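Chain naming here is simple, since letters A, B, ... match the order of the sequence lines and numbering starts at 1 in each. For the numbers below, each heavy atom of this structure counts, side chains included, while hydrogens, waters and symmetry mates do not. Note that the structure is a prediction, hence the values are computed from the model and not measured.
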Number of protein chains: 2
Amino acid sequence: MPETTRRAERSPGNRYGNRPTMKDVAARAGVGLKTVSRVVNGEPGVTPDTERRVQEAIDALGFRRNDSARVLRKGRTASIGLVLEDLADPFYGPLSRAVEEVARSHGALLINGSSAEDPERERELALALCARRVDGLVVIPAGSDHRYLEPEIRAGVATVFVDRPAGRIDADVVLSDNFGGARDGVAHLIAHGHRRIGFIGDMPRIHTAAERLRGYRAAMEDAGIPVEDRWMSLGVTVPERVRRATQEMLSGPDPVTAVFTGNNRVTVTVVRVLAEQSRQVALVGFDDFELADLLRPGVTVVAQDAAALGRTAAERLFRQLDGGFVAPERIELPTRLVERGSGELPPAR
Amino acid sequence: MPETTRRAERSPGNRYGNRPTMKDVAARAGVGLKTVSRVVNGEPGVTPDTERRVQEAIDALGFRRNDSARVLRKGRTASIGLVLEDLADPFYGPLSRAVEEVARSHGALLINGSSAEDPERERELALALCARRVDGLVVIPAGSDHRYLEPEIRAGVATVFVDRPAGRIDADVVLSDNFGGARDGVAHLIAHGHRRIGFIGDMPRIHTAAERLRGYRAAMEDAGIPVEDRWMSLGVTVPERVRRATQEMLSGPDPVTAVFTGNNRVTVTVVRVLAEQSRQVALVGFDDFELADLLRPGVTVVAQDAAALGRTAAERLFRQLDGGFVAPERIELPTRLVERGSGELPPAR
DNA sequence: CTGAAAGCGCTTACAG
DNA sequence: CTGAAAGCGCTTACAG
């Protein structure tokens with residue numbers, strides 16, 4: 001009956017399959033529990049002969065130390081949590097990978113989850129990770145109130161926010177220069193002769209979206225251009241809304257001659273809409289994306305370094321863990337304007 | 001001295017910061033440990049009054065159940081591991097997210113790590129996850145020998161391989177129809193009049209790369225076209241190698257008139273090289289990618305559904321966990337040819 | 001309805 | 001060099 005032999009039964013009295021424990025190894029090797037522990041952990045003070053006997057028992061039984069028990073005793077789990085918006089978003093892939101690499105270099109595993117931009121889900125996830133006693137937490141906030149983390153932070157969970165600041169608590173945060181980047185991008189369009197410039201961005205409650213809008217306004221104001229309401233559209237980044245917003249700005253008697261887009265998802269949709277237009281419309285997008293250089297025209301972007309955000313945040317996290325208290329800090333990484341053609345088009349007409 | 005008050009000290013005798021335990025809650029509420037456990041887990045059999053007292057103690061102390069201890073007793077960790085190649089690769093983002101969603105719907109957390117296409121690192125990661133006693137493992141293999149997982153599987157760790165088959169062990173595997181997809185893609189080029197067709201793919205030791213090459217050969221053979229060695233180039237997918245390989249196929253007296261690319265990373269580089277050419281070269285790529293439709297010409301691809309791969313694998317994993325033994329199966333998901341222009345170009349000349 | 005005892009699989013602190 | 005005892009923070013099985 002292969003059904004019962006291939007995979008261990010999972011009856012309640014038969015936890016973890018029926019894995020051998022150190023006790024089993026000790027019995028088989030004819031030594032004490034502590035001696036097995038010494039061998040498993042490479043601690044000194046075991047004669048070569050004893051070590052060999054223990055090792056043989058380990059191999060014969062297929063023993064693997066239960067780190068979950070180890071953790072309970074040691075206090076640190078050697079794992080950190082990452083709460084992000086969506087693992088499938090190309091912006092978060094490199095960020096997540098960078099966090100993972102830093103964790104790995106510190107011997108820690110990474111548990112991550114997507115909040116799907118839902119504050120309640122962010123909260124549940126973050127607290128579930130705390131219940132698992134992760135040593136630290138890297139959070140890309142969906143919500144704007146993180147007081148729920150205060151007891152956890154007080155209890156010793158290292159915490160760093162990234163991409164967006166924490167709400168209503170004092171904590172480490174690593175951001176891109178969203179304001180400055182957007183201002184530079186819009187100023188670039190102004191320098192190429194545009195005055196009627198549209199801004200299409202994400203929901204205004206999202207910090208990055210608000211900051212980029214602020215950058216847009218600042219650049220316009222610096223140039224003495226009064227901004228019209230219909231030039232600004234903020235909302236969800238689903239293609240339908242972005243498409244409609246773009247088309248509205250491009251219609252009517254005084255259409256915009258250039259568009260500044262608030263993030264990669266918006267940019268992609270706007271590129272699609274512009275490709276359908278007969279007249280040329282200039283475009284600068286926040287966030288770089290693959291193949292931006294291969295489109296015709298190439299898409300000029302304000303690039304942020306997602307991997308650097310992740311790396312910086314994770315390093316900050318382990319500094320908290322290694323060094324005890326570190327005063328909360330706000331770190332801002334610079335953005336970079338990449339000219340590729342779409343942002344250098346002159347105003348139509 | 002805020003240094004010591006803000007964040008808990010981490011002295012050895014002071015584990016997990018200095019978090020309150022059920023014992024602390026019990027003492028404060030003046031009840032037994034088990035009663036606290038009942039309240040925390042919403043078990044019946046507690047008078048409203050007792051429950052209130054316990055709840056007050058929980059709130060006052062900021063107690064949060066230590067799931068790590070709970071897990072030790074219960075046997076299941078409610079977490080699964082995902083070993084993939086690179087979290088930053090756009091192909092794995094949606095796959096990982098899909099696995100996460102299924103895990104979430106089963107109340108499990110996802111621990112993931114990147115193997116960086118290194119078999120030894122894959123092994124370390126997978127075994128580290130087993131040591132943490134994940135309930136199950138979804139693995140995108142980097143290596144070709146997974147016998148190291150046999151004791152773990154025997155001990156009850158549910159395991160599903162995805163994207164590539166397991167090596168030398170009998171296990172569940174979820175794949176795309178790499179052979180059929182590549183054959184269809186190449187047949188598509190042949191149907192549009194091409195005979196000299198190049199294949200540029202990933203390292204031949206990678207199963208998907210080998211299968212796609214096999215599909216290429218099959219299509220050519222079906223059409224009675226003898227394949228020349230210089231039409232095939234397999235190796236690492238770094239831009240430099242792919243670029244050189246493409247240029248070589250396009251040079252000489254009898255250049256290829258069409259190229260079939262073995263994955264998204266190869267495709268992106270080949271698109272770049274072709275954009276620099278004066279003559280038109282047809283292209284069909286394995287893997288869809290964002291903006292493929294916006295390039296000129298649009299890039300014809302053999303699309304696979306990364307999210308479906310992840311979802312199917314994860315569902316299979318939980319079926320193992322819920323239902324006890326399930327006979328290992330090989331599930332193959334279909335691919336889809338998406339015509340966008342580049343694959344419908346006629347041969348140059 | 002409530003709780004004391006035992007135990008999950010390890011590590012720690014200590015004694016031989 | 002080696003090991004028995006206690007304990008990490010919970011849940012289980014049982015008794016009142």
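Rounded to whole angstrom, the span from the CD atom of E43(B) across to the P atom of dT2(C) amounts to 13 Å. Between N41(A) atom CG and dT2(D) atom C1' the separation is 16 Å, expressed in whole Å. Between the NZ atom of K74(B) and the C1' atom of dG9(D) there is a distance of 14 Å, rounded to whole Å. Put simply, CG on L61(B) is 13 Å from P on dG9(D), counting in whole angstrom units. One interatomic measurement links the two molecules: CG of L33(B) to P of dA15(D), which rounds to 19 Å at whole-angstrom precision. Here the C1' atom of nucleotide dT11(C) and the NZ atom of K23(A) are 16 Å apart, to the nearest Å. The separation between R76(B) atom CZ and dC8(C) atom P is 19 Å, rounded to whole Å. Atom pair L72(A):CG and dC8(C):C1' shows a separation of 9 Å (rounding to whole Å applied).
Minimum atom distance to the side chain of R73(B) is reached by dT11(D), of the listed dC10(C), dT11(D), dT2(D). Among the nucleotides dC10(C), dC14(C), dC10(D), the one closest to the side chain of R38(A) is dC14(C). With dT2(D), dT11(D), dC1(C) as the candidates, the nucleotide lying closest to the side chain of T47(A) is dT2(D). Of the candidate nucleotides dC10(C), dT12(D), dA13(C), dA13(C) has the atom lying nearest to any side-chain atom of K34(A). With distances taken from any side-chain atom of N66(A) to the nucleotides dG3(C), dC10(C), dA4(D), the minimum falls on dC10(C).
D67(B) comes within contact range of no nucleotide atom at all, as no heavy-atom separation falls under 4.0 Å. R65(A) comes within contact range of the sugar-phosphate backbone alone, with a heavy-atom separation under 4.0 Å but no base atom that close.
The shortest distance between side-chain heavy atoms of T35(A) and T50(A) falls below 4.5 Å. Considering only heavy atoms from C-beta on, V174(A) stays 4.5 Å or farther from F161(A) through its side chain. Counting heavy atoms from C-beta outward, P141(B) and H146(B) have side chains that approach closer than 4.5 Å. No side-chain heavy atom of S115(B) sits under 4.5 Å from any side-chain heavy atom of L84(B).
In this model, the phosphate group of dT2(C) is approached by a side-chain N or O of T50(B) to a distance below 4.0 Å at OP1 or OP2. In this structure, T35(B) reaches the dG3(C) phosphate: one of its side-chain N or O atoms is under 4.0 Å from OP1 or OP2.
A distance of 11.5 Å separates CD in E315(B) from CD in E101(B), rounded to the nearest 0.5 Å.
A salt bridge does not link R70(B) with D67(B): every distance from a Lys NZ or Arg NE/NH1/NH2 to an Asp or Glu carboxylate oxygen is 4.0 Å or more.
The heavy-atom pair separating R97(B) from S114(A) by the smallest distance is CD-OG, 3.4 Å. R76(A) and L321(A) get closest at one heavy-atom pair: NH2-O, 2.9 Å.
In DNA chain D, consecutive stretches of 3 or more Watson-Crick or G-U wobble pairs with both distances under 3.5 Å are given as paired ranges: C:1-3 with D:14-16, C:5-12 with D:5-12, C:14-16 with D:1-3.
The base of dG9(D) lies outside donor-acceptor range of the side chain of R19(B), with no N or O pair under 3.5 Å.
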